[in-house]
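We use all heavy atoms of the structure for the numbers below, so side chains are in, but hydrogens, waters and symmetry mates are not.
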Amino acid sequence: KKDVPPETSYTTFGYISILCPCSSSLAGFGEEPPQLQEQQKGEVKMQFGYARVSTKEQSYERQVHALEAYGCEEIFSETGSGAKDDRPELKRMLDKLREGDTVVVTSLDRLGRRMLPLLELLARLKEKNIDFIALDNNINTSTPLGQAIMGICAAFAEMERLLIKERVQSGLDKAKR
């Protein structure tokens, strides 16, 4: 059993699993996070953590600590902008993932800052039957609620893409006049 630091507790409310920073009042009411689970073919599911900070002056220690407390077996961490596509540690983690694994981050923005690429990444994970958990955002795509939340996010991202397309077309039309 992994120790959860005193300022952090893990609890489960129905389908939603939450890692609650600074809320020790919930300690003892939840369950341990899921550890390794057996798949049908005897393969072991793994939980991979990803921690990212934007600058060298920042520390991802809190993120790594939360991911360890949640039960991630392997954690990939790096420094770099979430808006950039060139993130070698993220790529290394994605290359290791297998069907049934789970990607865990402390916050959705650690995985990416731009909505469309982030949703594309999450769609690729879903296609490969890989779950995604964002601890601070209470998102867990292995649950019906988590899938619904991601569906809503995808709808807003699609709407934003269409609005951008309309604005570009409007600008082109004005430039032709």
Mind checking whether L121 and R124 have side chains closer than 4.5 Å, heavy atoms only?
yes
Verify side chain to side chain contact (heavy atoms under 4.5 Å, CB included) between M93 and V103, making sure each step is shown before the conclusion. CA-CA 9 Å; M93 180 189 70; V103 172; 3.8 Å; yes
### Task
Using the side chain to side chain contact (heavy atoms under 4.5 Å, CB included) rule, take R98 and K45 through it: C-alpha gap first, then chi angles, then the decisive distance, then the call.
CA-CA 8 Å; R98 299 178 314 264; K45 289 183 178 182; over 6 Å; no
Residues at least two apart in sequence or cross-chain that pass salt bridge (charged side-chain N to carboxylate O under 4.0 Å, His left out) with K128, listed by chain then number, are none
Contacts of D95 meeting salt bridge (charged side-chain N to carboxylate O under 4.0 Å, His left out) (sequence neighbours excluded), chain-then-number -> K91
* Start with the C-alpha distance between I75 and E68, add both sets of side-chain angles, then the distance that settles side chain to side chain contact (heavy atoms under 4.5 Å, CB included), and finish with yes or no. => CA-CA 8 Å; I75 298 171; E68 288 171 345; 3.5 Å; yes
Applied to residues 103-112, the salt bridge (charged side-chain N to carboxylate O under 4.0 Å, His left out) test, sequence neighbours excluded, yields D109-R113
Correct closest heavy-atom pair for A66 and T106 would be CB-CG2, 3.9 Å
All N/O donor-acceptor pairs, side-chain side in residues 166-177, below 3.5 Å, sequence neighbours left out:
unit_1: Q169; atom_1: NE2; unit_2: D173; atom_2: OD1; d: 2.9

Taken in chain and number order and not counting sequence neighbours, the residues that satisfy side chain to side chain contact (heavy atoms under 4.5 Å, CB included) with E120 are none
**Prompt:** Does E73 reach the main-chain N or O of M46 with its side chain, forming a donor-acceptor pair under 3.5 Å?
**Reply:** no
Checklist entry - Transitively linked via ILVMFWY side-chain contacts under 4.5 Å: L145 with F132? => result yes
**Asked** Quick one: do the E78 and Y50 side chains pair a donor with an acceptor below 3.5 Å?
**Response** yes
| request: Taking the side chain as every heavy atom from C-beta outward, state whether T143 and N140 have any atom pair closer than 4.5 Å. | output: yes
Residues at least two apart in sequence or cross-chain that pass side chain to side chain donor-acceptor pair (under 3.5 Å) with Q147, listed by chain then number, are none
Joining Ile, Leu, Val, Met, Phe, Trp and Tyr whenever any side-chain heavy atoms lie under 4.5 Å apart, the cluster holding L162 also takes in none
To the nearest 0.5 Å, atom CG of L67 lies from atom CD1 of I133 at 10.5 Å
Contacts of R52 meeting side chain to side chain donor-acceptor pair (under 3.5 Å) (sequence neighbours excluded), chain-then-number -> S54
_Side chain to side chain, I130 and E99, heavy atoms closer than 4.5 Å_ = no
Residues passing the side chain to side chain contact (heavy atoms under 4.5 Å, CB included) test with L118, sequence neighbours excluded, are L108, L111, L122
Heavy atoms of A134 and S107 approach each other most closely as CB-C, 4.4 Å
Worksheet item: Backbone N or O of Y60 within a donor-acceptor pair of the Q63 side chain at under 3.5 Å?
Response: no
Residues at least two apart in sequence or cross-chain that pass salt bridge (charged side-chain N to carboxylate O under 4.0 Å, His left out) with E89, listed by chain then number, are R92
Smallest heavy-atom separation, C72 atom then V104 atom, equals SG-CB, 3.7 Å
Nearest heavy-atom contact between L125 and L94 is CD2-CD2, 4.1 Å
Next item on the list: Could you tell me whether the side chain of S142 reaches within less than 4.5 Å of the side chain of T102, counting heavy atoms only?
Entry: no
Side chain to side chain donor-acceptor pair (under 3.5 Å) filter on S81, not counting sequence neighbours, yields none
For K96, the side chain to side chain contact (heavy atoms under 4.5 Å, CB included) test, sequence neighbours excluded, returns F48, E74, F76
